[in-house]
Amino acid sequence: MKPIHLTRARAAGSASIVFKLALTSLIMALAVAPARVTQSPERPRSEDGYFQETIRVAPGVWTFAEPRFHVQPIGNVTLIEQADGLVLVDSGGSPGSARRLIAKIRRLSSKPVKAVIITHWHGDHTQGLAEILKAWPAARTIATKATQAHLRDRKTMNTPAVFEPSADDAFYKQNQGFLAYTQTMVEKAPDPASKAGWSAASRLFAQYAEDMRGAVTITTTEAFDDRLDIPDRRTPIEVRYLGRANTDGDAVVWLPKQRVLVVGDIVVAPVPFGFGSYPSEWMQTLETLRTYDFKVLVPGHGAPQQDGVYLARIAAAIGEVRSKIAPLVRQGVSLDDARKQLDFSNQAQGFVGADPWLRRWFKEYWIGPFLTSAYKEARGEPIVQSLTGE
Ligand SMILES: [Zn+2]
């Protein structure tokens, strides 16, 4: 991936997330971890990347992004200025992150937010929406039909549609549990990279637990099938559904004049997310993305990119898993045995190098869940969107 050299505007204060589905391993570990939390847990440091940087990706287009990996994922948010108002792509991952985003947006432009496009249903992209609408109640909210339906479905989302004190307390307690678990892992970490990673994760969960107070899930007022345009003389916006990929309703945003392509979690760096994904269709969707003549590609997580190198790497990774799982499925090998037999260490090396902390999460967030999806697909079983990705 060619490093991007874009204007970094006024760093400080912004988004976080909610992405419970990525935390199945933590949830399992919690069953045995003591749920003790120190009195005043430390909060994120600037190098933790919890409060994302403002990156100007084109004239009138900014992304609030963070290049680093986070155990509790932090979804990018993109701000697009049109003549009569601002359009957001995604909403921040918590009410707290959305409040910080609102302050940043107001520093960049005095225009109102007139529309919010949600790329997919995962909480790290949607849990700030209610807060954004408190600031700009007249804003349109837009997603694909599948995403709109998930946002209405209490079984998919981890916060209710209307504030419920008991659910809020339960979620807070769960996050305190994650915090306690990450603190115990700091002590147990076998190497400096993992120790630093768990320390950053504990600071992140301390902030995230507070940021998620009062969170609710609201769905969008508008849904589209394949395309929706938001015209503007200088910065027209094309919203497209190109097929299933990371979820069953990933929206892509294309700015033809600026040649900026915002792709949600179809592309995530440095570690892609494999939960509940659609391997063969994801490959096709990536092929379609490669036909766009973009100057800047904004992933769902990680820094904006200026070439198709990383797109190609994800496509190759998907292809490798599919081609390795297919013969095992034909032989009737179980998923557990397939996991034991298959080795993806070269793939891990290509994405994250030798870093043991990132290697761990490459396995947990990418290979593990993606192998499940590829196995199901090879057997012709349905892949269902859910919090656990199972
Ligand atoms: Zn995400």
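Whatever order the structure lists them in is the order used to number ligands and atoms, beginning at 1.
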Please determine, by modelled atom types, if Ser334 and Asp336 share a side-chain donor-acceptor pair under 3.5 angstrom. no
On a heavy-atom basis, the closest approach of Pro160 and Arg154 is CB-NH1, 3.6 Å
Decide, yes or no, whether a salt bridge links Asp168 with Arg213 under the criterion of side-chain N to carboxylate O below 4.0 Å.
yes
Heavy-atom closest pair (Ala130 atom, Ile218 atom, distance to 0.1 Å) is CA-CD1, 3.6 Å
Check: Quick check: does His125 have an N/O/S atom under 2.8 Å of the Zn ion (ligand 1)?
Finding: yes
The atom of Asp124 among N, O or S that is nearest the Zn ion (ligand 1) is OD2
Of all N, O or S atoms in Asp265, the one closest to the Zn ion (ligand 1) is OD2
Under 2.8 Å from the Zn ion (ligand 1), is there an N/O/S atom belonging to His301?
yes
